[in-house]
Amino acid sequence: MTEFEKKVLKAVLKIPLGKIKSYKWVAEKVGRPKAYRAVANALKKNPYCLFIPCHRVVKSSQQLGGYSLGSELKSDLINLEKKIKDMIE
DNA sequence: ATCATGACTAATG
DNA sequence: CCATTAGCCATGA
């Protein structure tokens, strides 16, 4: 595991329930505003889906990006979390 | 050191 | 809205 990857994962862990952030946002968070592409690589390499909410990371245009376990699952998870959030509030 | 590879982005036609 | 283009960067071979 490289330092860069750790930083990325840490940043992703901070994304709150029901919210989504862009790859660019993560890149800036780790101090490398232009490494959004590398960020995508890191997420792809570390499918710790149970602990790292990588499904909350989408494209900058709010468009659903990719997902190692299938983009449909990704959107499902996003909607699910949204419901959970509303339910709790 | 060099090269190819993306879950990308922004700009342009 | 869709296609193309150039820029960008960590990572592995």
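Numbered from 1 within each chain, the chains take letters A, B, ... in sequence-line order.
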Student: I want to confirm an ordering. Mapping A:K24 and A:K44 to their closest nucleotides on DNA chain B, which one lands closer to the 5' end?
Tutor: A:K44
Student: If the test is side-chain contact (heavy atoms from CB on, under 4.5 Å), which one of A:L13, A:T2, A:V30, A:N46 qualifies with A:V8?
Tutor: A:V30
Student: Expressed as a whole number of angstroms, how long is the span from A:R56:CZ to B:dA7:P?
Tutor: 21 Å
Student: Of all the choices, B:dT9, C:dC9, C:dT11, which nucleotide is nearest to the side chain of A:K45 once you look at every atom?
Tutor: C:dT11
Student: Touch check for A:F4, heavy atoms < 4.0 angstrom, all strands: base, sugar-phosphate only, or nothing?
Tutor: sugar-phosphate
Student: Given 3.5 Å as the limit, does a donor-acceptor pair link the side chain of A:K74 with the main chain of A:G66, or not?
Tutor: yes
Student: Tell me which nucleotide among B:dA10, B:dA7, C:dT11 gets nearest to the side chain of A:S60.
Tutor: B:dA10
Student: Starting at OH of A:Y36 and ending at P of B:dT9, how long is that distance when rounded to a whole Å?
Tutor: 8 Å
Student: Would you indicate what A:G65 reaches in the nucleic acid, counting non-hydrogen atoms under 4.0 angstrom: base, sugar-phosphate, or nothing?
Tutor: nothing
Student: Roughly how many Å is it from CD in A:Q63 to P in B:dA10, rounded to a whole number?
Tutor: 13 Å
Student: So does A:R37 get a side-chain nitrogen or oxygen closer than 4.0 Å to the phosphate oxygens (OP1/OP2) of B:dT5?
Tutor: no
Student: From C-beta outward on A:N41, which listed nucleotide comes closest to its side chain: B:dA7, B:dT9, B:dG6?
Tutor: B:dG6
Student: Heavy atoms only: give me the nearest A:A27-A:A35 pair and the separation to one decimal.
Tutor: CB-C, 4.0 Å
Student: For A:L9 and C:dA10, give me the distance from atom CG to atom C1', rounded to whole Å.
Tutor: 14 Å
Student: Report yes if a donor N or O on one partner sits less than 3.5 Å from an acceptor N or O on the other, where the partners are the side chain of A:Y67 and the base of B:dA7; otherwise report no.
Tutor: no
Student: Expressed in angstrom and rounded to an integer, what is the separation of A:K21 atom NZ from B:dT9 atom C1'?
Tutor: 17 Å
Student: In whole Å, what is the span from the CG atom of A:N46 to the P atom of B:dA7?
Tutor: 13 Å
Student: How is A:S68 classified with respect to the nucleic acid when contacts are heavy atoms under 4.0 Å: base, sugar-phosphate, or nothing?
Tutor: base
Student: Check the distance between B:dT9's C1' and A:E28's CD and give it to me in whole angstrom.
Tutor: 11 Å
Student: Under a 4.0 Å N-O cut-off, is there an ion pair linking A:E81 with A:R56?
Tutor: yes
Student: Starting at atom NZ of A:K34, determine the distance to atom P of C:dA6, rounded to an integer number of angstrom.
Tutor: 20 Å
Student: With side-chain contact (heavy atoms from CB on, under 4.5 Å) as the criterion, how do A:V39 and A:F4 come out once you've worked through the C-alpha distance, each side chain's angles and the decisive distance to 0.1 Å?
Tutor: CA-CA 8 Å; A:V39 168; A:F4 180 75; 4.0 Å; yes
